[in-house]
Amino acid sequence: MIGEKKSLFSGMQATGNLTLGNYLGALRNWVTLNEEYECFYCVVDEHSITIRQDPAVLRKRARALLTLYIAAGLDPEKNCIYYQSHVSAHAELAWILNCFTYMGELNRMTQFKDKAAKHADNINAGLFTYPVLMAADILLFQADVVPVGIDQMQHLEITRDIAQRFNGIYGDVFTIPEAYLGKVGAKIMSLQDPTKKMSKSDENANASIYLMDDPDTVMRKCKRAVTDSEAQILYRDEQPGVKNLLDIYCACTGKTADEAVKEFDGKGYGELKTAVGESVVAVLKPLQDEVARLEKDKAYIDNAIKTNAEKANYAATKTLRKVQKKVGFPERIR
Ligand code: TRP
């Protein structure tokens with residue numbers, strides 16, 4: 001809880017390009033959450049350096065992600081959209097929580113095992129304690145709910161374990177966060193393998209539509225989407241490629257699956273793919289135009305960065321001071 005409202009926290013890394021799946025399944029649905037929750041959306045640049053980054057690229061991508069949040073409709077007056085590195089309480093709380101987290105717990109994290117295997121030349125301590133920094137993110141803001149994908153559930157679990165352990169020793173310091181299971185958006189699958197989720201790290205460039213893909217690229221990827229040889233447009237699990245195209249079409253147009261199936265009755269896959277491509281362009285084009293407009297309005301974005309970092313700092317420091325006192329750090333003299 002922060003003030004009157006329940007609090008919501010989510011973080012995203014600025015590495016990798018966001019996909020249509022990220023937008024339709026998550027970002028787009030966050031726009032109205034600020035009515036019910038005090039919302040914090042953090043660009044987690046400190047997490048990003050657990051993998052080696054080019055500094056100029058990281059800086060640019062972090063700003064692009066923050067701009068994208070705003071372009072997607074998250075009003076920076078009503079949502080706190082900020083960089084993790086601008087709020088030093090993240091790193092400070094992470095240190096304290098490191099001392100309440102066991103090596104054995106961290107050793108079980110599947111994401112650590114995956115990333116360590118992928119980056120065998122740089123298995124650094126930050127990569128190992130990544131979930132502790134994530135716990136600090138969430139707990140600093142006393143988050144009641146955390147919208148996360150299934151791949152982050154294990155990290156949310158360890159966050160709850162750390163919070164409960166700390167509360168068990170020191171009393172009710174942290175809110176125990178839950179996964180946000182509100183209205184979930186469409187689950188969009190890969191265009192090349194419709195049994196797999198559309199992912200920003202897919203090796204096959206044709207598998208994912210990126211939010212910044214231009215209309216020609218979107219159309220080309222849709223036309224190359226894998227379907228089947230049934231030659232009928234029905235919404236059913238036996239035709240995962242066609243089903244995914246219909247899901248995308250429905251998410252972009254607001255139509256129901258029944259309506260879409262009627263509309264395409266007797267038509268071929270070529271027509272379906274063209275219609276899907278056009279519906280995606282109709283959603284992405286205004287978003288891209290808004291990003292372009294905001295990128296030119298440097299003063300507006302800079303102001304959002306400054307004021308939101310102050311808001312985030314205020315809320316985070318409040319929790320941090322409480323924790324510092326609990327563990328026995330000396331009082332500050334004013
Ligand atoms: N680890 C998350 C991811 O890669 C990003 C993240 C960092 C996060 N801190 C968070 C997500 C706090 C939710 C809450 O997707």
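Whatever order the structure lists ligands and atoms in, that order sets their numbers, starting from 1. Not measured: the values here are computed from a predicted model. Worth knowing before you read on, the calculation uses all heavy atoms, side chains too, and leaves out hydrogens, waters and symmetry mates.
Remark: side-chain polar atoms of Glu178 are not paired, donor with acceptor, to backbone N or O of Val146 under 3.5 angstrom. Between the side chain of Ser208 and the backbone N or O of Ser199, at least one donor-acceptor pair lies under 3.5 Å. A distance-only check finds a donor-acceptor pair linking the side chain of Lys5 to the backbone of Asn34 [under 3.5 Å].
Those atoms of ligand 1 that come under 4.0 Å of a heavy atom in Ile138, given as number and element, are 12 (C), 14 (C). Listed by number with element, the atoms of ligand 1 under 4.0 angstrom from any heavy atom of Val146 are 13 (C), 14 (C). Within the listing of ligand 1, atoms 7 (C), 9 (N) sit less than 4.0 angstrom from a heavy atom of Val44. In the vicinity of Val148, heavy-atom distances shorter than 4.0 Å reach the ligand 1 atoms 13 (C).
Ring centroid separation for the pair Tyr41 and Phe9 does not come in under the 6.0 Å cut-off. In this structure, Phe128 has its ring center closer than 6.0 angstrom to the ring center of Phe112.
Among the atoms of Asp137, some N or O lies under 3.5 angstrom from an N or O of ligand 1. Ligand 1 has no N or O atom lying under 3.5 Å from any N or O atom of Asp151, backbone or side chain. Considering backbone and side-chain atoms together, Gln152 places an N or O closer than 3.5 Å to an N or O of ligand 1.
The nearest heavy-atom contact from the protein to atom 12 (C) of ligand 1 is Phe9 CE2, 3.5 Å. The closest protein non-hydrogen atom to atom 13 (C) of ligand 1 is Gly11 N, 3.5 Å. In terms of protein heavy-atom proximity, atom 1 (N) of ligand 1 is nearest to Tyr130 OH, 2.7 Å.
Atom OH of residue Tyr69 and atom OG of residue Ser10 lie 6.0 Å apart, to the nearest 0.5 angstrom.
Shown here for Val276 and Leu245, the closest heavy-atom pair between the two residues is CG2-O, 3.5 Å.
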